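For reference, the structure is listed below as structure tokens.
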Protein chains: 4
Amino acid sequence: MNSRSPGSQLADTGRGNEAAILNAALAAFGAQGFNGASMREVAKGAGTSLSNLYNYFPSKSHLLAEVLRHVNAELEARLRRAVGEAGDDAASRLREAVRAYVGFVVDEQLAMLVSTAEVRYLRGEDRERLVAARDRTQSIFTEIVEQGAASGEFRTPYPLDAARAILTMISSVATWYRPDGRLSRGQLSEQHARYALALLEGPLPHR
Amino acid sequence: MNSRSPGSQLADTGRGNEAAILNAALAAFGAQGFNGASMREVAKGAGTSLSNLYNYFPSKSHLLAEVLRHVNAELEARLRRAVGEAGDDAASRLREAVRAYVGFVVDEQLAMLVSTAEVRYLRGEDRERLVAARDRTQSIFTEIVEQGAASGEFRTPYPLDAARAILTMISSVATWYRPDGRLSRGQLSEQHARYALALLEGPLPHR
Amino acid sequence: MNSRSPGSQLADTGRGNEAAILNAALAAFGAQGFNGASMREVAKGAGTSLSNLYNYFPSKSHLLAEVLRHVNAELEARLRRAVGEAGDDAASRLREAVRAYVGFVVDEQLAMLVSTAEVRYLRGEDRERLVAARDRTQSIFTEIVEQGAASGEFRTPYPLDAARAILTMISSVATWYRPDGRLSRGQLSEQHARYALALLEGPLPHR
Amino acid sequence: MNSRSPGSQLADTGRGNEAAILNAALAAFGAQGFNGASMREVAKGAGTSLSNLYNYFPSKSHLLAEVLRHVNAELEARLRRAVGEAGDDAASRLREAVRAYVGFVVDEQLAMLVSTAEVRYLRGEDRERLVAARDRTQSIFTEIVEQGAASGEFRTPYPLDAARAILTMISSVATWYRPDGRLSRGQLSEQHARYALALLEGPLPHR
DNA sequence: TATGAATGAGGGTTCATTCAT
DNA sequence: GATGAATGAACCCTCATTCAT
């Protein structure tokens with residue numbers, strides 16, 4: 001055992017059934033997509049009645065928004081923790097950020113998938129709020145990359161574009177990763193740390 | 001004008017309304033997602049009646065399958081053409097393949113988005129057939145990568161994993177590319193060709 | 001038998017189920033009120049499926065709007081016919097108009113009730129259209145009243161207000177009339193013709 | 001200030017929230033109709049919780065019944081007071097009754113509207129009780145009319161039917177009256193007093 | 001009294017699909 | 001091929017009401 005939270009579980013939030021509903025929604029949206037999932041399924045998954053869902057979330061859209069908000073919050077927390085404990089140079093900070101991100105993708109694969117695939121169904125304010133929150137999360141990476149570009153550690157001509165490429169590369173691991181597959185969590189982290197440094201044209205560790 | 005096909009248009013297929021329906025389906029699935037789009041929308045977009053759709057495709061699922069099949073076929077054709085016209089070394093073949101792929105993503109952004117986001121709604125044989133077709137398409141890249149790894153041009157310790165990373169990196173360009181954005185089609189091609197070589201730890205062109 | 005149309009039937013309108021649906025809606029709205037009636041009831045009453053209703057009317061509100069439009073159209077037609085066949089002086093024109101209106105209320109009691117009670121549930125353009133149509137219908141009365149006021153046949157100091165009072169008085173007959181009650185159709189017509197002349201302070205027939 | 005109660009307020013009844021609930025119900029039923037209004041709205045309007053409503057009224061139907069009972073009680077009280085202070089002859093008693101009724105309609109327009117429109121949603125004993133109470137209220141008018149018919153003051157051939165016509169005429173003022181409209185409270189009273197005498201074919205005041 | 005959480009029934013509406021023409 | 005009408009299932013959501021506290 002380790003200290004990581006169990007796969008694809010949103011933290012308890014105090015109110016009776018809220019966490020159960022959020023988790024059931026995550027599972028349902030993950031399995032069927034936002035439009036393919038029904039509130040009845042969510043209710044069944046959460047062990048409550050359909051109508052009670054609406055005592056917690058005013059609409060299916062809002063429920064999706066809350067799911068995505070929680071997922072991003074957890075990701076951001078993990079990233080900040082990891083970067084906070086890293087060294088000072090951009091290369092090691094990047095390495096830790098990548099490891100934490102890959103770890104999140106592996107631990108919370110379903111959350112990551114839903115997070116990527118279902119944002120598009122958010123509209124209006126909910127969407128804007130989430131986009132803003134994600135920008136804050138991604139800025140953890142872009143700041144490191146800018147630091148490394150400024151210090152000369154990263155020599156790529158396109159630091160910000162490369163940063164984006166790194167992020168999508170890592171998050172898309174969720175689309176194919178299998179816990180019983182050829183690559184372990186650790187191997188994936190090493191690989192992607194190396195990919196990231198390679199893309200940024202930074203100092204690759206010797207093989 | 002150039003010789004590229006117009007954006008997000010599936011080729012005519014001979015049967016009266018077939019192309020119109022496929023294109024309308026692509027547009028509808030792109031705008032609303034597979035489950036969010038309705039056959040009525042598709043019919044309206046194709047300028048025909050709802051029931052006439054079923055003279056061409058036996059079900060909504062099948063319609064999706066056909067859309068995805070056409071998109072992959074077009075992508076594969078473009079890739080094979082590009083690689084066929086390239087040199088013999090892995091680096092230049094890779095460069096041309098990447099350029100062609102990026103070009104496709106840019107030209108057929110919507111097709112690429114749908115292709116990525118909606119495969120999950122295929123089931124059964126339709127799904128298997130498409131997965132097989134995609135594997136054939138992706139093998140264009142993996143063969144080049146294996147060739148380069150064997151020849152020593154690419155020194156990455158993880159050639160096949162890096163190939164997958166390259167593919168997802170390129171296809172995800174569709175999620176953010178804007179025709180009027182900062183990066184032109186050509187710049188994107190150059191960037192990604194460089195990313196690919198960097199990831200494979202091959203010979204980077206001088207800046 | 002007489003030539004009056006059967007009670008509470010909206011005329012056939014050509015399209016297959018349309019008349020049946022309108023009549024079923026009239027019955028349902030009459031029995032339960034607009035909000036108390038369900039589209040399922042209407043469908044059952046019309047002998048069709050719930051979903052088929054929406055092939056004829058895009059929403060429950062629209063269905064109500066159409067019901068009310070038809071009712072008013074029928075009333076207006078009857079009034080114009082009656083007035084057209086009357087003499088030239090205001091008193092006899094009024095008498096015929098009142099008789100026709102009372103006749104309509106008695107023949108189409110349910111239609112009249114729904115017409116009065118459920119307008120309030122119309123919103124937006126539907127409401128405005130109906131209000132305009134009703135104004136046109138009521139102007140049949142107000143014009144007669146103005147004619148009689150100008151000619152000196154009606155001596156009331158408030159001709160237009162009295163006209164309104166007459167109209168509400170007649171239409172509210174629908175709230176208590178019973179076909180098997182003490183007052184026959186003919187008696188009601190006579191009474192209300194006399195009420196109208198009395199209210200307008202015109203020439204009362206001798207008793 | 002005068003001695004009339006404020007518009008559309010049901011009197012306090014002693015129990016904590018009862019008056020607030022009755023008034024909120026009156027407002028909600030007036031705005032949306034009985035079936036269109038929800039107990040949640042009523043609770044919100046009364047400033048209490050949804051479930052607390054059921055400590056005062058056992059059901060929505062009962063709540064409606066109580067609202068209507070209060071409205072009728074207030075109307076009856078006003079009418080009896082007015083008639084009690086009038087002279088002895090039928091014409092002046094009628095005049096005072098009409099004035100009081102018109103005054104009530106104007107002062108308590110919403111209450112009158114609800115009273116007229118929503119009775120139909122009462123069933124069973126609640127309905128019977130209300131009908132009986134209304135009959136008692138209306139008998140104030142019918143008794144005056146019978147007195148005047150007997151004494152020869154009113155010469156109409158249909159005294160009781162005319163009485164009913166008068167009542168509906170007055171109560172329907174609520175459907176169009178606007179406080180800022182052309183007709184003042186006083187003018188309306190005068191008009192309707194005259195209408196009533198005209199309908200009954202009694203002695204009209206000189207103009 | 002007063003509350004918040006809970007629920008089963010039912011609301012209007014849309015869906016993919018079928019079928020007679 | 002092409003259509004318009006039709007349908008049953010399912011959708012999201014709201015309802016009046018209950019109950020433990």
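Lettering follows sequence order; numbering is per chain, from 1. Note that the structure is a prediction, hence the values are computed from the model and not measured.
Spacing between atom CG of B:L53 and atom P of F:dA5 amounts to 18 Å, rounded to whole angstrom units. Put simply, CD on A:Q32 is 13 Å from C1' on F:dA10, counting in whole angstrom units. Atom CD1 of D:I21 and atom C1' of E:dT1 are 11 Å apart (whole Å). In this structure, A:N55 places its CG atom 13 Å from P of E:dG8, rounding to the nearest Å. In this entry the distance linking OH of D:Y121 with P of F:dA16 reads 14 Å, nearest Å.
Listed pair D:N52 / E:dA2 meets the phosphate criterion, a side-chain N or O lying under 4.0 Å from OP1 or OP2. In this structure, C:T48 does not reach the F:dA6 phosphate: none of its side-chain N or O atoms is under 4.0 Å from OP1 or OP2. Checking the phosphate oxygens (OP1, OP2) of E:dA6, a side-chain nitrogen or oxygen of A:N17 falls inside 4.0 Å.
Contact check for C:V71 versus C:E108: no side-chain heavy atoms found under the 4.5 Å cut-off.
Using a distance-only test at 3.5 Å, with no hydrogens or angles considered, no donor-acceptor pair links the side chain of C:Y56 to the main chain of C:I21. Remark: side-chain polar atoms of C:K60 are not paired, donor with acceptor, to backbone N or O of C:S38 under 3.5 angstrom.
DNA chain E forms stems at E:2-21 with F:2-21, each a run of 3 or more consecutive Watson-Crick or G-U wobble pairs whose two key distances fall under 3.5 Å.
Looking at heavy-atom distances under 4.0 Å, A:Y56 makes contact with sugar-phosphate atoms alone, never a base.
The shortest non-hydrogen separation linking A:S115 to A:L68 is CA-CD2, 3.7 Å.
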Nucleotide-resolved protein contact map, nucleotides 13-19 of chain E, B/S/- at heavy-atom distance under 4.0 Å: BBBBBBB
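For the atom pair CE of D:M112 and CD of D:E74, the computed distance is 12.0 Å after rounding to the nearest 0.5 Å. Separation of atoms CG (C:L64) and CD (C:E66) is listed at 10.0 Å; rounding is to 0.5 Å.
The existence of a salt bridge linking B:D126 and B:R129 is confirmed by a sub-4.0 Å separation between a basic side-chain nitrogen and an acidic carboxylate oxygen. The pair D:R120-C:E118 meets the salt-bridge criterion, with a side-chain N (NZ, NE, NH1 or NH2) lying under 4.0 Å from an Asp/Glu carboxylate O.
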Step-by-step salt bridge (Lys or Arg N to Asp or Glu O under 4.0 Å) determination, C:E41 to C:K44: CA-CA 5 Å; C:E41 281 177 73; C:K44 187 161 295 183; over 6 Å; no
